[in-house]
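Worksheet: the structure to be examined is printed underneath.
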Amino acid sequence: MLWAAWFAQGIHGGNMQTTVRKQRFKWHIVVFLAPAVLVYSAIMIFPMIDTLRLSLFTQEGSKEVYVGLKNFQTLFHDPNWSGQFWNALGNNVWFFIIHMLVQNPIGIMLAAILSVPTLRFAAAYRTVVIVPTILSFVIVGFAWKLILSPLWGIAPGILDAIGLKSWFHPWLGKEEYALTTLALISVWQFIGIPMMLIYAALLSIPQEILEAAECDGITGFSAFWKVKLPLILPSIGIISILTFVGNFNSFDLIYVAQGPVAGPNYSTDILGTFMYRTFFGYQLQLGDQNLGAAIASVMFAIILVGVCIYLFTVQRRLRRYQF
Amino acid sequence: MNKARRNLAHSIAAHTLLLSYTILALFPVFVILINSFKTRKAIFRHPLTPPNPDSFSLVGYETVLKQGDFFHYFQNSMIVTVVSLFFILLFGAMAAFALAEYRFRGNVWMGLYLALGIMIPIRIGTVAILQMMVASGLVNTLTALILVYTAQGLPLAVFILTEFMKQVSDDLKNAGRIDGLSEYAIFFRLALPLVRPAMATVAVFNMIPIWNDLWFPLILAPSEATKTLTLGSQVFIGQFVTNWNAVLAALSLAIIPVLALYVIFSRQLIRGITAGAVK
């Protein structure tokens, strides 16, 4: 939708063609475009390509030596690295699955409730749900760490009050729970984004369509399932791809809550923290920028595949439902 | 009668759900804030009660203000955020104007090229960005951060502003041309004031990620002189893990400016999202 609109409008834009055809070179176009294009190309596009290039080299002394795909071979097969790499990738996939299963459905549900026209205090609720989203990872990570800490006892105290004390575990400190707990904390933080985007989509559904459905006897829950949900599918596609890109590039929350080693025992390691450790080194291991670049390239490939699947399949199929 | 009762039940259910979510969303912030004003003993004995005259204490804040240079960190964050936003808006609006207003060869491709960065995160290029900053001597300067954030914010800014630049009336611009205004004057004096609401939206969208970013300050500018508030509080809290008063006070000091900004801009933010600016 984004891209199609861009294309369609790009072709029709502009009105100067006939009047200026015979004039000199239009310097002002260059002046208008140059700053943005220069900064963007130099700081974003060039380093990205250079990172892909660096992943094919290695350092010997102070010289760069071309080694082809050897860095990737190390990542995928070398016993010293492949365990960590596949672990980080697997964890990252699980991190994403939790977001898709928890964050997006709850976000859609909250948006659906908020968009009921007769609901009172909708503006206040809307404002509050975004509060976690504006907090930094540092605040979110430490705040939840304190609350879930067995030392402080807020979480066990609350569970005790509702008679579930035996359910309490030091979730962030146990290998089997830590990653899921962090994913849920991240869900807590970012739920405002899918909620607001879906809310906007729900508000933009033309009233006539809902009234027509009402005439046919479709109201309440069935109106949501049969009329509104198909109409907001494009927005659900967008929040899915945003979640995908965000998750496969996340780092901050894990780093703040569990440190660069992503403990306990690497159970919360994801590609971002793995890349940070590989690139900068930690404890006794020296940093290796080329291997770091290789991990960045893998992340790039994953994100690119996700975006392409979205652009060429999901989005194209969803466009049919648009009005 | 039946229908009215069902509506009432629905509305109670809706409010119950929303209220429980509200509590879940605000609870951590609330707990941190109230406990930051309490004595160590009270923090552990009654974590959920607000401070009273007996348990009130500012010892955490005293430690933080003595040990950490929070005012300096805050200043760094402020400089980085404001200057980056200025360049994102200025350069973004200029490029958007060119793309929306003039028909030139490669217009569509230029638009697509600039839009690439909406989906591909700039962090992928970190290794090469650090190399470049080392080579140009910009490591541990705020300039490095400003450059990175400007590049990061431009794609979405250009994309959103182009849509709005297209809505600026052609008649108005042509009238300006007949009156002898240069293309630059048309941009600065006619187009720019008219897209001010869209610029505010772009600013709010970019402000939060820049202010909260930990990755680039950690990698490009970790020195004491250039620490941002996010990195500064992360390092500070990491050092004081066992001093609960100090940790809670530091967290509160990090929360308050963001909450204040949010209170000022929340309406703009929500309007921006729901206006369908990000389709």
Side-chain angles (χ1 to χ4, degrees), chain A residues 1-2 6-7 9-11 13-17 28-29 32-33 35-36 39-40 43-44 47-48 50-51 54 110 113 116 119 125-129 131-132 134-139 142-144 147 152 154 196-197 199-200 203-204 245 249 251-252 256 279 289 292-293 296 299-300 303 307, chain B residues 14 17-18 21-22 25-26 28-29 31-32 47 91-92 94-95 97-98 100-104 107-108 111 114-115 117 119-129 132 147-148 150-151 154 158 166 170 183-184 208 212 214-215 230 233-234 237 251 254-255 258 262 266 270 273-274 276 279:
Chain A
M1 173 173 45
L2 277 162
W6 180 269
F7 253 117
Q9 284 161 4
I11 291 161
N15 54 4
M16 295 291 294
Q17 186 203 19
H28 53 265
I29 299 183
F32 279 131
L33 280 172
V39 172
Y40 171 75
I43 315 283
M44 190 151 183
M48 242 175 238
D50 202 34
T51 301
L54 280 170
L110 289 175
I113 299 174
V116 172
L119 184 86
Y125 289 127
R126 228 168 38 190
T127 316
V128 167
V129 177
V131 166
I134 60 154
L135 300 177
S136 76
F137 295 95
V138 174
I139 300 168
F142 280 111
W144 277 103
I147 288 168
W152 197 5
I154 288 195
M196 290 310 294
L197 291 177
Y199 176 69
L203 289 188
S204 70
V245 174
N249 146 55
F251 158 82
D252 310 52
V256 169
F279 180 20
Q289 60 168 0
M299 290 161 76
F300 179 76
I303 291 173
V307 171
Chain B
L17 267 170
L18 289 171
Y21 199 83
T22 304
L26 292 184
V29 179
V31 169
I32 300 293
F91 296 169
M94 282 164 65
F97 184 73
E101 177 66 16
Y102 308 115
R103 193 163 179 178
F104 55 93
N107 180 315
V108 174
L114 288 171
M119 281 301 185
I120 309 290
I122 193 170
R123 282 182 188 186
I124 302 288
T126 304
V127 176
I129 290 178
M132 200 163 77
L147 280 172
V148 168
T150 307
L154 276 172
V158 172
K166 279 179 184 146
D170 280 340
E183 295 299 319
Y184 305 108
I208 297 165
N212 284 342
L214 181 64
W215 175 263
T230 308
S233 39
Q234 196 266 332
I237 295 170
L251 278 175
I255 292 176
V258 188
Y262 180 61
S266 67
I270 290 169
I273 305 175
T274 51
K279 283 179 202 168

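Heavy atoms of B/L214 lying under 4.5 Å from chain A belong to its backbone as well as its side chain. Both the backbone and the side chain of B/L18 come within contact range of chain A, each with at least one heavy atom under 4.5 Å from a heavy atom of that chain. For B/L26, the part lying near chain A is the side chain, with the backbone staying farther off; criterion is any non-hydrogen pair under 4.5 Å.
The distance between the ring centers of B/Y184 and A/F32 falls below 6.0 angstrom.
Rounded to the nearest 0.5 angstrom, A/D252 CG and B/Q234 CD are separated by 9.5 Å. Taking CD1 from B/I129 and CG from A/D50, the interatomic distance works out to 10.5 Å, rounded to the nearest 0.5 Å. Taken from CD1 in A/I29 to CZ in B/F97, the straight-line distance is 10.0 Å, to the nearest 0.5 Å. With rounding to the nearest 0.5 angstrom, the CD atom of B/E101 is 8.5 Å from the NE2 atom of A/H28. Rounding to the nearest 0.5 Å gives a distance of 10.5 Å between CG of B/L114 and CE of A/M44. Rounded to the nearest 0.5 Å, atoms CZ (A/F300) and CD1 (B/I124) are 7.5 Å apart.
By number of non-hydrogen pairs under 4.5 angstrom with chain A, the leading residue of B/P28, B/A254, B/A98, B/G92 is B/P28. Per-residue counts of heavy-atom pairs under 4.5 Å with chain B were compared for A/V116, A/T127, A/L54; the largest is that of A/T127. Of the residues considered (A/V128, A/V256, A/I303), A/V128 shows the highest number of contacts with chain B, using heavy-atom pairs under 4.5 Å. Top candidate by heavy-atom pairs under 4.5 Å with chain A, chosen from B/T126, B/I237, B/I32, B/L17, is B/I237. Looking only at heavy-atom pairs under 4.5 Å with chain B, the residue among A/L33, A/I147, A/V131 that has the most is A/L33.
For the residue pair B/N212 and A/F137, the shortest heavy atom distance occurs at O-CD1, 4.4 Å. Closest approach of A/V245 and B/M119 over heavy atoms only: CG1-O, 3.3 Å. For the residue pair A/P47 and B/M132, the shortest heavy atom distance occurs at CG-CE, 4.2 Å. The minimum heavy-atom distance between A/L119 and B/A14, with the atom names listed, is CD1-CB, 4.1 Å. In this structure, A/V138 and B/S233 approach most closely via the heavy-atom pair CG1-OG, 4.1 Å. Here the shortest heavy-atom pairing between B/V127 and A/G292 reads CG2-C, 4.1 Å.
In this structure, the side chains of A/L135 and B/I255 come closer than 4.5 Å at one or more pairs of heavy atoms. Contact annotation: the side chain of A/I43 never approaches that of B/T150 to less than 4.5 Å [non-hydrogen atoms, C-beta and beyond].
Residues satisfying the ring pair (Phe, Tyr, Trp, His ring centres under 6.0 Å) test with A/F251, not counting sequence neighbours, are A/Y255, A/Y276, B/W215.
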